[in-house]
Amino acid sequence: PIYVSRSLLMAQVTVPIVCPGHTRAVVQLNYSTVTDDGVFLISACHDGKPMLRRGDTGDWIGTFEGHKGAVWAAQINASATRVVTGAADFSAKLWDALTGAELHTFTHPHIVKATAFSSEDRHILTGCTDKKIRLYDVERSDADPIVFEGHTGPIRGAVFTNTESNHFIVSGSSGPDNELRIWDPRISSSPVRSVELCGSMISMELSRDGRILTLLAGNVVYFFDTNTFDLLHRYELLHGMEAVSLHPNHPRFVVGGEDVVVHVFDFNTGQEVESYRGHHGPVHALRYSPLGDTFSSGSGDSTIRIWQTAPMAPMARGGDESTVDASLDV
């Protein structure tokens, strides 16, 4: 029989798919759900050209051209038919994901750094550096948006919760307020609740099942129950972290930042269990795929890397922590 060392096996299964194409920092990544045609991945980049790829292979499908500034945010809807982007050209744009056509431009007074679709795709949410959140009706795209005011700093993240018990908008800013704010658009344009954070918000993600809100603020990662907004976990990290993503089934979460390493932590204990190396610049974006068998990372080195996680599960149960150097392009 041929025996293969555990370290060699790990190196084989963790070499990522490297996706070139962008020319500047990749700052946000998001997946569609599993559709009849597969899973799709959208990337926001400071080169001003968001790109659509196959989520499993990383193969390029198309580029959305029209922004005249760095793109900070890009979201794809669940069915992979629409994309919304936010950029430094003071606009958010709605796109047809099937044809690449620009459907509408939503003009803003400043840079748009957050975008989101509602669960039924009827509404679009934007967060702007003018400290305001705007809610647009896609079917009445020329109508004035509902504006939510209260933050004292630029908006860095905004999502719809849409759980069984609430239909809130949740937002966070990088400004001096250091607060997570919850809004109920059905009753008021003022926040109905605020949660104090330890620092400026850097990254926000709603879990695939909608049950958990993940936040990175300062050097702390928070996990909130979206039904009650009770704090589930709070873990302190190294300084310089810029992105976080929670596995769809919640066993682990990944974090990345200035040290160019992707760190994998146990959700229940906060202990680091693995780390992945391969990028040559800060990790600005992370996102697990809908099935959790891979996650993608975006970096200042202008690449996207797709890392396989499923084969690691049996070996991870061995108990010892591991560091994998996956610097080979494939």
Side-chain angles (χ1 to χ4, degrees), residues 30-34 73 75-79 84 114-127 133-135 146 148-151 155-173 177-218 220-237 243-255 265-270 286-292 295:
N30 280 293
Y31 285 93
S32 70
T33 58
V34 180
Q75 292 277 348
I76 187 167
N77 66 349
S79 60
V84 61
T115 58
F117 283 105
S118 62
S119 59
E120 75 289 352
D121 299 335
R122 169 72 186 273
H123 295 93
I124 287 174
L125 198 62
T126 65
I133 301 155
R134 292 171 173 84
L135 179 64
I146 300 173
F148 301 87
E149 300 185 55
H151 280 291
I155 308 301
R156 287 297 303 271
V159 298
F160 295 93
T161 57
N162 294 326
T163 65
E164 293 180 1
S165 62
N166 65 55
H167 299 277
F168 292 148
I169 291 170
V170 184
S171 61
S173 77
D177 56 7
N178 293 344
E179 284 185 339
L180 175 71
R181 301 198 178 206
I182 298 100
W183 319 74
D184 189 339
R186 299 167 298 180
I187 61 174
S188 174
S189 59
S190 297
V192 296
R193 183 176 174 184
S194 297
V195 179
E196 186 175 355
L197 305 173
C198 72
S200 294
M201 203 208 77
I202 303 168
S203 177
M204 174 185 287
E205 178 193 68
L206 186 67
S207 64
R208 183 60 59 173
D209 58 11
R211 293 168 47 198
I212 297 176
L213 182 71
T214 303
L215 287 179
L216 179 61
V220 175
V221 61
Y222 299 85
F223 299 97
F224 292 96
D225 183 321
T226 56
N227 278 312
T228 62
F229 290 99
D230 291 338
L231 182 64
L232 300 174
H233 295 293
R234 178 187 187 276
Y235 301 123
E236 290 191 17
L237 306 171
V244 62
S245 184
L246 177 64
H247 189 282
N249 297 328
H250 315 160
R252 295 184 176 186
F253 63 95
V254 288
V255 177
F265 294 87
D266 184 280
F267 174 71
N268 292 306
T269 66
L286 287 166
R287 195 68 79 219
Y288 271 102
S289 65
L291 298 178
F295 68 85

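Counting from 1, the numbers follow the sequence of the chain as shown.
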Taking only residues two or more places apart in sequence or in another chain, which ones pass ring pair (Phe, Tyr, Trp, His ring centres under 6.0 Å) with F148? W183
Can you name the residues that form a ring pair (Phe, Tyr, Trp, His ring centres under 6.0 Å) with F117, not counting sequence neighbours? none
Is any side-chain heavy atom of [X] closer than 4.5 Å to a side-chain heavy atom of [Y]?
X	Y	result
D121	S79	yes
I182	V195	yes
Y288	R208	no
Y222	C198	yes
T214	F253	no
L215	M201	yes
R234	E236	yes
I187	V192	yes

Calculate, to the nearest 0.5 Å, the distance between atoms [atom1] and [atom2] belonging to [X] and [Y] respectively.
X	Y	atom1	atom2	result
T115	I124	OG1	CD1	8.0 Å
I212	T161	CD1	OG1	14.0 Å
I169	H123	CD1	NE2	9.0 Å
D266	Y235	CG	OH	7.0 Å
T226	F160	OG1	CZ	14.5 Å
L237	F265	CG	CZ	5.5 Å

Closest heavy-atom contact between [X] and [Y]?
X	Y	result
I202	G218	CD1-O, 3.4 Å
A217	G199	CB-O, 3.6 Å
P248	P290	CG-O, 3.4 Å
A78	S32	O-CB, 3.8 Å
H151	I155	CD2-CD1, 3.3 Å
R287	V244	NH1-O, 3.9 Å

Could you walk me through whether N178 and S200 pass side chain to side chain contact (heavy atoms under 4.5 Å, CB included), step by step? CA-CA 5 Å; N178 293 344; S200 294; 3.7 Å; yes
Regarding E205 and S245, is there a side-chain donor-to-acceptor distance under 3.5 Å anywhere? yes
SB check R181 E179 (cutoff 4.0 Å): yes
When you measure from the side chain of D225 to the backbone N and O of N227, does any donor-acceptor pair fall under 3.5 Å? yes
Across all chains, not counting sequence neighbours, the salt bridge (charged side-chain N to carboxylate O under 4.0 Å, His left out) partners of D209 are R211
Parallel under 30°, tilted from 30 to 60°, perpendicular over 60°: which one fits the rings of H250 and F267? tilted
Is it true that F224 and F229 have ring centroids separated by less than 6.0 Å? no
Stepwise side chain to side chain contact (heavy atoms under 4.5 Å, CB included) check, V221 with H233: CA-CA 8 Å; V221 61; H233 295 293; over 6 Å; no
